[in-house]
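Because the structure is a prediction, the values reported are computed rather than measured. Within every chain, numbering begins at 1; the chains are lettered A, B, ... in the order of the sequence lines, protein sequences first and strands thereafter. When reading the values below, keep in mind they use all heavy atoms of this one structure, side chains included, and skip hydrogens, waters and symmetry mates.
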Amino acid sequence: MDFNDTSQEAAFRSEAAGWLKENQLTDADREGRSPLEVAKLWQKRKYEAGWACIGWDKEYGGRGASPIERVIWDQEESKYSVPSRFFVIGQGMIAPTLMVWAQPQHKENFLPKLASGEEIWCQLFSEPAGGSDLAALRTKAEKDGDDWIINGQKIWTSQAHYADYGIVVTRTDPTVAKHKGLTMFIVDMKMPGIEIKPIKQLTGDSDFNEVYFTDVRIPDHYRLGDVGQGWTAALTTLMNERLAIGGGGPGADVKLAMEIASLVEINGRPAIEDSAVRAKIAEFHVLEAGLEYNGYRAITALSRGELPGPENSIGKLVGAPKLQAVASFCMDLLEESGVLWSEDDLLSSLAQRSYMGAPGLRIAGGTDEIMTNIIAERVLGLPQDPRLDKGIPFNEVPTGN
Amino acid sequence: MDFNDTSQEAAFRSEAAGWLKENQLTDADREGRSPLEVAKLWQKRKYEAGWACIGWDKEYGGRGASPIERVIWDQEESKYSVPSRFFVIGQGMIAPTLMVWAQPQHKENFLPKLASGEEIWCQLFSEPAGGSDLAALRTKAEKDGDDWIINGQKIWTSQAHYADYGIVVTRTDPTVAKHKGLTMFIVDMKMPGIEIKPIKQLTGDSDFNEVYFTDVRIPDHYRLGDVGQGWTAALTTLMNERLAIGGGGPGADVKLAMEIASLVEINGRPAIEDSAVRAKIAEFHVLEAGLEYNGYRAITALSRGELPGPENSIGKLVGAPKLQAVASFCMDLLEESGVLWSEDDLLSSLAQRSYMGAPGLRIAGGTDEIMTNIIAERVLGLPQDPRLDKGIPFNEVPTGN
Amino acid sequence: MNFEFSEEQLMLREQARGFLGQHCSPSVARSVLDGARNFDPDLWQKVAEMGWTATAIPEEYGGLGLGYYELAIIAEELGRAVAPIPFSSSVFLASEAIMAFGNTAQKNKWLPGLASGDSIGTFALAERPGSATADNLLSRYDQQSVTGAKAPTADAMIANFAVVVCKASPGHVHLAIVDLSDSSVARETLKTLDPSRGHGKVMFENSPAELLGEHEVSWSALENLLDRAAVLMAWEQLGIADKALEQACDYAKQRFAFGRAIGSFQAIKHKLAAMYVKNTLARSNAYHGVWALASDSDSLPLAAATARVASTQASLYAAQENIQTHGGMGFTWEFDCQFYYRRAKLLSLAIGSERHWQDRLVSALQRQRAAA
Amino acid sequence: MNFEFSEEQLMLREQARGFLGQHCSPSVARSVLDGARNFDPDLWQKVAEMGWTATAIPEEYGGLGLGYYELAIIAEELGRAVAPIPFSSSVFLASEAIMAFGNTAQKNKWLPGLASGDSIGTFALAERPGSATADNLLSRYDQQSVTGAKAPTADAMIANFAVVVCKASPGHVHLAIVDLSDSSVARETLKTLDPSRGHGKVMFENSPAELLGEHEVSWSALENLLDRAAVLMAWEQLGIADKALEQACDYAKQRFAFGRAIGSFQAIKHKLAAMYVKNTLARSNAYHGVWALASDSDSLPLAAATARVASTQASLYAAQENIQTHGGMGFTWEFDCQFYYRRAKLLSLAIGSERHWQDRLVSALQRQRAAA
């Protein structure tokens, strides 16, 4: 075991670090630009220098870098404050799907513009009636000449309101079993018949949208895979989702808890000296450190050419409830002041924001319960739950309504 | 709300207390007698004075007392060190079954001898292949003239090695659905063909037995209920089991934890002053007190004529894991000395014994998981798990073998 | 042995539930959450007209002279309804403080207005992050005036007066009543995680103050006041816990996934059973708490701390897992799950955190053990 | 970045697993548990012949001069096999103490016998219920002899010598080697929850003793020794945790109830997934622990405490829920589940409880924070 780079890795790291230092975003770059504009500027700059989507083939705008080089690049880039969230879905989840399933002319057209940040994409899978049962979607696509007509409603679509394109999974045959009647398409998000409504969350933010389709017309060449192959195509996206979503981003953590526990007092002594406080902090540290070193093990496996498996689901499964627990604990340390949610007061508002955001993290991208099932079935090899919808035509599956 | 007796209750309590004081077991009574003999002596004494099984009708040896009177009697009797465990199954679970299902001559014959402690009974339901799925039992009963011939194996039978009689559930028709092919019988435990083997537990004790039946002959008049009605009859027993098993008996509890925490030190101060220790003790007290007051609420409901429902399952569900956790916590307080299991050292051995006994308590009489299901389905009204064995002939249900 | 509410008390519960079902649907909490107001004055008016604010105040002071059983029942129902009104501040704390420490003249002066709901009181203890103690209080009482800053103070922006905890000699405090409309008092709204129960910072600068009971109060007498409030708060928290469980069960029965109600999956059904177990233990502990409060039992400190800890745990868990059970919809602004999540955490921090009450619980156990 | 064992190390694991599969099936632990012996001398002999006792001892003292990665791998396999031998006492503690504190002559004298397994050492710290501290030790070292009683001492009845922790000046201790066969030493078997790892009480009465390193040792130097042992112990505990999980999974797949494998019920499958998550986090923390140990990193105190706490929690949970998964059979003497349950608890109490290591973990975090 060795935390240091090999000489080859070190050379790559130094090249990446050199370019980043040279080309980093300046205050002038940021001045007068919205976060999305700044992100697009940065992505374009990387693209032109060959540092965008470095794991992709060169023909799509990448540089064919190895997995460990991608990790090194991410580590170096994350030392700078650069906006990346706008491209996670398009580059991390949708592009791999297009690479497998799109027609050659679409790959040539779309992938370089995904890499350069010129076009933003969104993912239109979830529906109100589906939830964890993603494949139970109802949005219809009906053939009309050379086109398809889409009707229905999607939900939990990030970035829909500024996306240029999306990929949408539809039901093209309700008379066959759930997973078999689905077909996936590319959709131009500026088409008439598409209506987008933001969803306000517990936090007050609106990170997601509902997307309504009314007689939206899609040419058949936008189809991804064969008719009825939509679920297989969606799995390509979902497998990449598991890699794209990590431990939950910045939020209440052991560092914050230590900081608060050093500031507030219990019985006239700093709270950090209180052994009940210490026990909780130790508990949280075990989780955070475990996830961190788990990450290093995953990177090592990647660098050895192993594919990351479902065992990486534990990042979100452990991270999101931990975030909720640490946030609650930090608020408790503050006692009555823990209720305050002031934008000015970093200490309390980070805990508050985390407390309000954690419920969403425990659900989005696969609930705790779904992630646990995945571990039990795909890692431990335990048998599936009995499937009452298995092999039954979709329109005969019980829905409770 | 009022913790005090009504005047009627007070009168009953005083009568009971008076008799107990007058007639309590003496050292001379105990001298030279085994625990079972002492128990029988005491039961007989109560029976002759009309204080045995006081809730039963007079014709069966009881005095037709009300539920609250039974509680009062139990409270008063528990002030004395009297052995009662030998009669819990016979009087608490089997007698109610006989009252409903036995032929009149058997009720007249057996019930008074159950009340007087003259005869000990055991319950022969569980089988190795069944476990939580009690109704999946395989012990066969086949009709032979006016008799039935029993073959098979039972397990987890307490008291089998000194019981006079038992009730046994058998499969009389394997070609119908699981619950429908069962029939219950009385069995004379001294019959040829019955072999009893003790099961040694984690604790080193042997509280249970395996019971093997080889061509054991039972007269038809020993049948309890109709052929095929065995599951319904068994439910009578099981409903009474939920009442008979309580929070788990004496063991590691908050009192013990407080005692140990007052004796050992952490960083040169009594452990009870350590706030991590306090937080744990508070946690356990919330559970213990909650169960205690839950019990008072149940008694109040009983005294108002309400039947105790499945919500009383929480006693064992909370009590057994709590026992395990408190025991482990007590051992931790002792640090390295926590491993010691000395019969002389009450402090450490009570924790040890509880730690080793708790796994059995979490399983016997319904596992944590089964108890949780019962609460979810029967109290909260949540739907059953899909039943793959529903309506399928028993001999076609998947067994994995 | 009778460990159950009386028929009359159970009728009161039914009546209260019906009343709040009609006048305090979740849309009432939502309108305060979405709006600029700190509470719902119409609901407060109606609740006062029902006599709820007068429940435990003696008849001679304009109250109904009922007991704490009745008040606990109302507390639970207000919890279920996540009522956006200053009930706990005015009734559990301000009224109780005056009844416990006020002299007859003060009771005559303040209680009738509290009983009728015309006057809203609050209780100002916290000054900074962490627990207030007899040693770390900064607010001073001196020559009939108070100087200091109290934050966060629940219902600060709408209360007519505050019972202010000020420092006195070591181990003692003063409780002083200050009219919050006095020009020497400045108030400032503080944003919290539950805007349907407004909080504020109250600054006193030589503000005219009336000493409650005219002398110092021992810290343990103050703790007794908080024990009493803790029992009532535990019932309010229990209301939240039970309502969240009900909502989760209802949803789990009607929401289908994979061809079955999600409530048929053990991952969900066992979660709901775990909520039920916590709620049931909390309820039984709350019974003991209100019994100890109503019967002035020596066991009040232990009973109150136990009920408070149990209800805090049950309500936080139920509110949190109710969201989880609702999946994607659970964390939207549109669904009602958020109200219970916000209120549960808010109440868990009022008058002291779980850790604080766990510590007090064990102190009570130690005293009990020493006395045995 | 390379956070994985080398090919050679992974081969050693396979070899060790194969060897123990052949020579230390559960029947070996069972025969010690059921019998009167304190350990299995044949297994000890074979393990010594494999060179495992020599793993981390330098070649100049008769060892193999391999490193801690190799020792961690062996520790994990011994944990999986619940091996009834005094490995942790003799290798993780006695050998390490001599390597850390002994002078060259002492290393020459003691290490070859430890490496060959001819000599069994143990470490005698505990004297009473609760944690040993520099202040509460009673055993005295004086004029080349030790007087005092040490209990419980692991492997006391079979060890040839003990490294005895005795009191010195405040904040310091002496480490003294005592030959346990000396007539001044009395030993008495103590019954424990895991008879397959015998314990005893050792009484010294002016027993001839050799001071390790000839001078006092700071308490923090002793803690460093325990940190090192904690990493290795964490690997042993991890072996238990993983084996218990495997056993539970196997059973859950083949045992049927209600017409389906019990592992298809979420109550069971989510329990097993929870074990897996704990075990995985413990393993990743154990990786960091052994890296810190092998590379003599400043982060050893934090890494060791984290690995120890994680492995303690994972092994206790896995051993306990493995029994639960087995249902009725799980708590019988006949089934093997009991071995992991006993050993997991035994190891969790050796060299300090979870609470003890949680406290040390936070002390390490505080030092790290102060240094940043």
Side-chain angles (χ1 to χ4, degrees), chain A residues 1-6 9 68 71-72 75 254-255 257-259 261-262 272-273 275 277-283 285-304 311 313-314 317-318 368-369 371-377 379-386, chain D residues 1-6 9 69 245-246 248-249 252-253 259-266 268-278 280-291 294-295 297 302-303 305-307 309-310 313 354-355 357-366 368-369:
Chain A
M1 292 185 200
D2 191 351
F3 275 107
N4 299 323
D5 290 332
T6 63
E9 289 163 3
I68 192 77
V71 169
I72 290 171
Q75 288 174 341
V254 165
K255 192 164 165 284
M258 294 278 292
E259 203 168 325
S262 304
I272 187 66
E273 294 178 14
S275 101
V277 170
R278 296 168 79 81
K280 287 267 201 180
I281 288 178
E283 202 77 51
H285 176 77
V286 165
L287 300 179
E288 285 182 13
L291 287 183
E292 181 183 350
Y293 301 119
N294 214 41
Y296 293 147
R297 289 174 63 206
I299 291 169
T300 303
L302 256 183
S303 77
R304 295 181 174 199
E311 60 274 17
S313 301
I314 76 167
L317 176 59
V318 173
D368 292 358
E369 290 74 22
M371 301 312 254
T372 307
N373 252 12
I374 288 174
I375 286 173
E377 294 176 7
V379 183
L380 300 178
L382 293 164
Q384 278 204 334
D385 286 83
Chain D
M1 159 67 65
N2 170 20
F3 202 53
E4 188 47 89
F5 290 105
S6 70
Q9 288 159 354
Y69 293 118
L245 169 59
E246 276 175 36
C249 279
K253 287 173 195 174
R260 21 193 293 216
I262 61 168
S264 72
F265 287 98
Q266 288 183 330
I268 299 295
K269 75 202 293 186
H270 285 200
K271 182 198 293 295
L272 300 180
M275 279 190 213
Y276 173 82
V277 168
K278 281 179 201 286
T280 301
L281 295 179
R283 181 168 298 275
S284 295
N285 280 317
Y287 267 62
H288 187 235
V290 69
W291 171 83
S295 59
S297 161
L302 180 58
T306 307
V309 172
Q313 293 176 345
E354 181 185 335
R355 189 208 56 73
W357 285 98
Q358 283 182 327
D359 192 60
R360 292 189 59 186
L361 188 161
V362 178
S363 297
L365 278 177
Q366 286 179 286
Q368 199 181 63
R369 192 168 180 269

Verdict with reasoning, A:Met1 to D:Val290, per side chain to side chain contact (heavy atoms under 4.5 Å, CB included): CA-CA 9 Å; A:Met1 292 185 200; D:Val290 69; 4.1 Å; yes

Examine whether an atom of D:Leu272 lies under 4.5 Å from a heavy atom of chain A, and if so say whether it belongs to the side chain, the backbone or both; otherwise answer neither. both

Do A:Ile281 and D:Leu361 make a side-chain contact, defined as non-hydrogen atoms from C-beta onward lying under 4.5 Å apart? no

Atom group of D:Ser6 that falls short of 4.5 Å from chain A, counting heavy atoms: neither

Given A:Gln384, A:Met258, A:Glu377, the one with more heavy-atom pairs under 4.5 angstrom with chain D than any other is A:Met258

Under 3.5 Å, is there a donor-acceptor pair between the side chain of A:Glu9 and the main chain of A:Thr6? yes

Quick check against the 3.5 Å criterion: does D:Asn285 have a side-chain atom that pairs as donor or acceptor with the backbone of A:Val286? yes

What option among D:Arg355, D:Gln313, D:Arg360 has the most heavy-atom pairs under 4.5 Å with chain A? D:Gln313

Kindly assign one of parallel, tilted or perpendicular to the pair D:His288 and A:Phe3, based on the angle between their ring planes and the thresholds 30° and 60°. perpendicular

Counting heavy-atom pairs under 4.5 angstrom with chain D, the leader among A:Ser262, A:Ala279, A:Ala376, A:Ala282 is A:Ala282

Using the ring centroid of each side chain, check whether D:Tyr287 and A:Tyr296 are separated by less than 6.0 Å. no

Hey, does D:Val362 have a side-chain heavy atom less than 4.5 Å from the side chain of A:His285? no

So which part of D:Leu365 gets closer than 4.5 Å to some heavy atom of chain A, the side chain, the backbone, both or neither? both

Between D:Lys269, D:Glu4, D:Gln358, D:Lys278, the one whose heavy-atom pairs under 4.5 Å with chain A are most numerous: D:Lys269

Is chain D contacted by the side chain of A:Ile72, its backbone, both, or neither, given a heavy-atom distance below 4.5 Å? neither

Chain D heavy atoms under 4.5 Å from A:Val379: which part of the residue, side chain, backbone, both or neither? side chain

Heavy atoms only, distances under 4.5 angstrom: which of D:Glu354, D:Glu246, D:Gln266 has the most pairs with chain A? Name it, please. D:Gln266

Looking at D:Val309, D:Ile268, D:Val277, D:Asp359, which one has more heavy-atom pairs under 4.5 Å with chain A than the rest? D:Asp359

Any side-chain heavy-atom pair of D:His270 and D:Met275 under 4.5 Å: no

At a 4.5 Å cut-off on heavy atoms, which part of A:Ile299 comes close to chain D: side chain, backbone, both, or neither? side chain

Honestly, the part of A:Asn294 sitting under 4.5 Å from a heavy atom of chain D is both

Test side chain to side chain contact (heavy atoms under 4.5 Å, CB included) applied to A:Ile68 and A:Leu302, step by step: CA-CA 7 Å; A:Ile68 192 77; A:Leu302 256 183; over 6 Å; no

Name the region of D:Ser363, side chain, backbone, both or neither, that has any atom closer than 4.5 Å to a heavy atom of chain A. both

Short side-chain to backbone donor-acceptor contact, D:Ser284 and D:Leu281, under 3.5 Å: no

Given a strict heavy-atom distance threshold of 4.5 Å, which part of A:Val254 is in contact with chain D: side chain, backbone, both, or neither? side chain

Please classify the contact of D:Phe5 with chain A as side chain, backbone, both or neither, using a heavy-atom distance under 4.5 Å. both

